[in-house]
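Notes to accompany the following structure.
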Amino acid sequence: MSIVNANLYPLFDPDRRAAIVGRAASQLGEDGAAAFPDFISPDALVEMVAEAAAKFPLAYRRDQRLGFNPQGPIAAIADEELRSRTSPYSMWILGSDLLDSGGALRRFYESEELMSLVRDALDIDSLHTIADPLININLTYMGVGDQQGWHFDDNDFVVSLLLQEAETGGAFEYAPGVDDAPPEDIHAILDGASPRTRLQKVGAGTLLLFRGRRALHRVTEVAGNTQRIIALLSYHREPGFIYADTVKQNGLGRTEVLAAP
């Protein structure tokens, strides 16, 4: 079964692939984000959602309040008041070790078709899957009242795949290029009163490439009976990357591999 929607994304055709990569690179340069709507074939998306639903009881519940993780120049000029500001992080997260080894999610994550597209769109020389068995492809579930607060990312880029939209809320909002903004601009973003923010439309089956180190971003509060489910696909420029135990403990509540049922 084909995973990528070849009707919309004929990556096998060199000329059309070049056009797809060119559009994505342009979007990343202008906005820091590039979306590929309906990137997954309908049958593959059904399989992915079914696996995600089946694994949900195994997910780890995370309820925290965290700072916005200043990156770049803002880290040096942020005052104490700004550094003290926190936002809620509430969601469930599934460890990579609990995913099916031969499932559509795993096959998609490891596919050269996807990795070469990401590599070319981001204009980087090398890209490798993460060797860490707990954090390489992870599922995040958000239900009623859940949200992910404003933050900068530690890494240069994020690759995500939305599997299921929330009934209400769960919007991806971001403010690009604000890592060198004055503190008052950051305060305005955190207060929800900044003209620098924008909403990125992300529907089920959308692949999103995002440069989150320079962009404050969040997922708004979810409401309704349908969970927001997203797959976070982690890659590294060097092979063999393993996350620190503190990262795994904070994100998954454990550092050891569990046997998938």
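Neither Ile130 nor Ile242 shares a network with the other; the hydrophobic side chains, linked directly or stepwise wherever heavy atoms of I, L, V, M, F, W or Y lie under 4.5 Å apart, form separate groups for each. Two different hydrophobic clusters hold Leu139 and Val144 under the rule that ILVMFWY side chains link at heavy-atom gaps under 4.5 Å. Cluster annotation: Tyr174 and Leu232 are assigned to the same hydrophobic cluster (Ile/Leu/Val/Met/Phe/Trp/Tyr, side-chain heavy-atom contacts under 4.5 Å, transitive). Cluster annotation: Ile189 is not connected to Leu66 through the hydrophobic network of ILVMFWY side chains, with a link wherever side-chain heavy atoms come within less than 4.5 Å. The cluster map of Ile, Leu, Val, Met, Phe, Trp and Tyr, joined by side-chain heavy atoms under 4.5 Å apart, puts Val247 and Ile137 in the same cluster.
Taking 4.0 Å as the cut-off between side-chain N and carboxylate O, Glu165 and Lys201 count as a salt-bridged pair. The pair Arg119-Asp125 fails the salt-bridge criterion, with no side-chain N (NZ, NE, NH1 or NH2) lying under 4.0 Å from an Asp/Glu carboxylate O. For Asp153 and Arg211, the salt-bridge test fails: no basic side-chain N is under 4.0 Å from an acidic carboxylate O. Contact check on Arg228 versus Glu221 returns no salt bridge, with no Lys/Arg side-chain nitrogen under 4.0 Å from an Asp/Glu carboxylate oxygen.
Summarising the geometry of Gly177 relative to Asp180, their closest heavy-atom pair is O-OD1, 3.5 Å, with the distance given to 0.1 Å. Smallest separation of non-hydrogen atoms from Leu105 and Leu99: CD1-CD2, 4.1 Å. Of all non-hydrogen atoms in Pro70 and Phe152, the two that sit nearest each other are CA-CD1, 3.9 Å. For the residue pair Ser96 and Pro133, the shortest heavy atom distance occurs at CB-O, 3.3 Å. Counting all heavy atoms, side chain and backbone alike, Gly143 lies closest to Trp92 at N-CZ3, 3.8 Å. When all heavy atoms are compared, the tightest approach of Asn7 to Arg16 is O-NH2, 4.3 Å.
For the residue pair Glu173 and Thr197, a side-chain donor N or O sits within less than 3.5 Å of a side-chain acceptor on the partner. His236 and Asn155 share no donor-acceptor pair across their side chains, judged by distance under 3.5 Å alone. In this model, a donor atom of one side chain and an acceptor atom of the other lie less than 3.5 Å apart for Asn250 and Gln64. Arg213 and Gln71 form a side-chain donor-acceptor contact under 3.5 Å, judged by distance and modelled atom types alone.
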Audit row: Arg107, Asp100, side chain to side chain contact (heavy atoms under 4.5 Å, CB included) steps and yes/no: CA-CA 10 Å; Arg107 299 198 312 273; Asp100 295 338; over 6 Å; no

Audit row: Asp146, Arg61, side chain to side chain contact (heavy atoms under 4.5 Å, CB included) steps and yes/no: CA-CA 11 Å; Asp146 288 343; Arg61 180 64 183 176; 2.8 Å; yes

Salt bridge (charged side-chain N to carboxylate O under 4.0 Å, His left out) evaluation trace for Arg85 with Asp79: CA-CA 10 Å; Arg85 299 197 58 171; Asp79 55 29; over 6 Å; no

Glu47 vs Glu51, side chain to side chain contact (heavy atoms under 4.5 Å, CB included): CA-CA, chis, key distance, verdict: CA-CA 6 Å; Glu47 181 181 339; Glu51 180 179 1; 5.7 Å; no

Arg17 vs Ser116, side chain to side chain contact (heavy atoms under 4.5 Å, CB included): CA-CA, chis, key distance, verdict: CA-CA 11 Å; Arg17 183 186 185 279; Ser116 64; 3.3 Å; yes

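Between Phe210 and His217, the distance separating the two ring centers is shorter than 6.0 angstrom. Not less than 6.0 angstrom separates the ring centroid of Phe157 from the ring centroid of Tyr235.
Formation of a donor-acceptor pair under 3.5 Å by the Gln147 side chain with backbone atoms of Gly170 is not found in this model. Of the possible polar contacts, none joining the Gln148 side chain to the Val219 backbone as a donor-acceptor pair under 3.5 Å is found. Between the side chain of Arg65 and the backbone N or O of Thr86, at least one donor-acceptor pair lies under 3.5 Å. No donor-acceptor pair closer than 3.5 Å links the side chain of Thr206 to the backbone N or O of Leu162.
Counting heavy atoms from C-beta outward, Leu117 and Tyr9 have side chains that stay 4.5 Å or more apart. Residues Met48 and Phe108 meet the side-chain proximity criterion, which asks for heavy atoms closer than 4.5 Å. For the pair Arg198 and Asp31, the minimum side-chain heavy-atom distance is below 4.5 Å. By the 4.5 Å heavy-atom criterion applied to side chains, Leu114 and Ser111 are counted as neighbours. Using a 4.5 Å heavy-atom threshold, the side chains of Ile135 and Leu252 count as touching. Residues Leu94 and Tyr60 fail the side-chain proximity criterion, which asks for heavy atoms closer than 4.5 Å. In this structure, Val222 and Tyr141 have side chains that are not in contact, with every pair of non-hydrogen atoms separated by 4.5 Å or more. Looking only at side-chain heavy atoms (C-beta outward), Leu134 and Val257 come within less than 4.5 Å of each other.
The structure places CZ of Phe36 at 4.5 Å from CG of Leu209, a figure rounded to the nearest 0.5 Å. Atoms CD1 and CG, on Ile230 and Asn138 in that order, are 12.0 Å from each other to the nearest 0.5 Å. Here OG of Ser126 is found 5.5 Å from CD of Glu238. Values are rounded to the nearest 0.5 Å. Note: Leu258 CG to Leu98 CG = 5.5 Å, rounded to the nearest 0.5 Å. Once rounded to the nearest 0.5 Å, the distance linking CG of Leu208 with CG of Leu161 reads 10.0 Å. Remark: Gln164 CD to Leu45 CG distance equals 9.0 Å, nearest 0.5 Å.
Ring geometry for Tyr243 against Phe241 counts as perpendicular: the plane angle is over 60°, on a 0 to 90° scale with 30° as the lower cut.
More than 12 heavy atoms of other residues, nucleotides or ligands shown are found within 6.0 angstrom of CG on Asp191.
Sorted by first and then second residue, the salt bridge (charged side-chain N to carboxylate O under 4.0 Å, His left out) pairs involving residues 242-256 (not counting sequence neighbours) are Asp97-Arg254, Asp132-Lys248, Asp245-Lys248.
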